Amino acid sequence: MKSGTTIYLYELAWILPSIALPVGMLVALAVTAFGAGIHLPSDAGRVDPTRVTEQPPFDRLGVRHVAPGQYEVSMLAQVWAFGPGEIRVPAGSTVHFRVTSKDVVHGFWIPRANVNVMVLPGQIAHVEARFERPGEYPIICHEYCGIAHHVMSGKVIVEPRS
Ligand code: CUA
């Protein structure tokens with residue numbers, strides 16, 4: 001037979017972690033969001049999917065050098081390719097991707113660069129990544145978008161700094 005004190009300690013052993021856990025998660029959330037600046041890829045605006053190539057920034061697809069070490073990429077996803085299929089930036093660059101879809105839902109995943117967004121027609125996805133090391137970074141569509149979904153890919157080529 002357990003004494004009253006033992007039961008109280010067991011209760012405490014459950015109650016304290018169940019308070020500490022959500023408090024810890026909230027602190028982790030605040031630190032990552034406000035301290036480390038980590039946040040979800042944002043909705044950077046809307047665009048008419050039927051006239052997407054007439055509207056900036058998708059009237060000029062590809063890479064733009066915007067500041068030292070900073071590049072902007074506007075990219076269009078459609079069945080079953082990314083346009084442009086290949087982009088080149090020098091090592092040590094921060095790349096701001098603006099991606100939208102012309103037709104159905106696609107994915108925009110760069111596994112080696114921690115980029116993972118859904119690409120919805122009519123919506124502009126904005127995501128940024130830093131490319132430190134030279135090499136090839138595959139871009140993969142990871143939302144099922146039709147019969148040739150599995151071949152829909154592109155790449156970021158990071159060139160050594162000259
Ligand atoms: Cu595009 Cu799957």
Side-chain angles (χ1 to χ4, degrees), residues 21-22 24-26 28-162:
L21 221 73
M25 284 182 198
L26 219 66
L29 192 71
V31 168
T32 50
F34 302 109
I38 296 170
H39 43 76
L40 285 172
S42 58
D43 171 14
R46 289 175 179 275
V47 68
D48 178 357
T50 58
R51 295 170 42 242
V52 66
T53 49
E54 296 160 32
Q55 298 158 84
F58 304 104
D59 52 347
R60 249 192 74 219
L61 298 173
V63 189
R64 263 184 302 269
H65 187 207
V66 287
Q70 303 280 324
Y71 292 84
E72 233 172 65
V73 169
S74 45
M75 197 173 262
L76 189 61
Q78 58 184 306
V79 287
W80 288 282
F82 292 104
E86 183 185 300
I87 67 154
R88 285 172 186 271
V89 290
S93 309
T94 300
V95 181
H96 304 263
F97 292 95
R98 279 187 174 73
V99 195
T100 192
S101 165
K102 210 175 171 181
D103 37 49
V104 296
V105 175
H106 295 279
F108 186 75
W109 180 36
I110 308 178
R112 290 183 59 203
N114 196 24
V115 168
N116 184 337
V117 286
M118 267 174 102
V119 181
L120 308 170
Q123 200 153 311
I124 303 168
H126 174 218
V127 65
E128 60 178 67
R130 202 169 157 74
F131 295 89
E132 286 298 351
R133 268 180 274 163
E136 238 182 69
Y137 294 71
I139 303 170
I140 296 161
C141 175
H142 65 310
E143 293 286 340
Y144 182 73
C145 56
I147 195 82
H149 155 72
H150 61 287
V151 299
M152 183 168 170
S153 66
K155 59 188 160 189
V156 178
I157 295 171
V158 179
E159 293 168 329
R161 254 188 293 196
S162 47

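Both ligands and their constituent atoms are indexed starting at 1 by order of listing. On a predicted model such as this, the values are computed, not experimentally measured, just so you know.
- Across Thr94, Asn114, Val95, a single residue satisfies side-chain contact (heavy atoms from CB on, under 4.5 Å) together with Arg130, and that is Thr94.
- Taking 4.5 Å as the limit, some side-chain heavy atom of Pro121 sits within range of a side-chain heavy atom of Val105.
- Annotation: side chain of Val115 is not in contact with side chain of Tyr137 (no heavy-atom distance under 4.5 Å).
- Among the atoms of Met152, an N, O or S atom falls under 2.8 Å from atom 1 (Cu) of ligand 1.
- The atom name of the N/O/S atom in His149 closest to atom 2 (Cu) of ligand 1 is ND1.
- Looking at His106 and atom 1 (Cu) of ligand 1 together, the shortest N, O or S contact belongs to ND1.
- The N, O or S atom of Glu143 lying closest to atom 2 (Cu) of ligand 1 is O.
- Taking atom 2 (Cu) of ligand 1 as the apex, the angle formed with SG of Cys145 and SG of Cys141 is 120°, to the nearest 10 degrees.
- Aromatic ring pairs are classed by plane angle as parallel below 30°, tilted from 30° to 60° and perpendicular above 60°; the pair Phe108 and Phe82 is perpendicular.
- Between Met75 and the choices Ile139, Val63, Thr100, the side-chain contact (heavy atoms from CB on, under 4.5 Å) rule is met once, by Ile139.
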